[in-house]
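Counting begins at 1 with the first residue of the sequence. These numbers come from the heavy atoms of this one structure, side chains and all, not from hydrogens, waters or symmetry mates.
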Amino acid sequence: MDYLLDHHARDQMTPELAHHVMQTHKECPITACAVKLQAKTFLVHTKRLVPQSTPRTRFGF
């Protein structure tokens with residue numbers, strides 16, 4: 001499972017891997033973590049994740 005900690009994009013992404021990456025890299029900023037961006041893009045493209053229409057705020061407003 002150490003390969004899940006690597007931040008580099010993968011040659012191939014699967015739904016299972018994408019979900020694991022999103023969980024493992026939940027604290028990584030998507031702008032700095034290539035594998036998290038790849039996983040999110042894959043999940044959105046395959047309609048397994050629907051992004052929020054408005055950005056989430058950290059203050060609960």
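- Side-chain heavy-atom separations under 4.5 angstrom define the hydrophobic clusters, and the remaining members of the one that includes Leu37 are Ile30.
- Here CD of Gln38 is found 12.0 Å from NE2 of His8. Values are rounded to the nearest 0.5 Å.
- With rounding to the nearest 0.5 Å, the separation of OG1 in Thr41 from CE in Met13 is 9.0 Å.
- Remark: Ala34 pairs with Ala9 by the side chain to side chain contact (heavy atoms under 4.5 Å, CB included) rule, at least two apart or across chains.
- The two atoms that bring Cys33 and His7 nearest to each other are SG-ND1, 3.3 Å, heavy atoms only.
- Contact record, Pro15 with Leu43: O-CD2, 4.5 Å, taken as the closest heavy-atom pair.
- Between the NZ atom in Lys40 and the NE2 atom in His25 there is a gap of 15.0 Å [rounded to 0.5 Å].
- Atom OG1 of Thr24 sits about 10.5 Å away from atom CE of Met22, to the nearest 0.5 Å.
- With sequence neighbours excluded, no residue forms a side chain to side chain donor-acceptor pair (under 3.5 Å) with His45.
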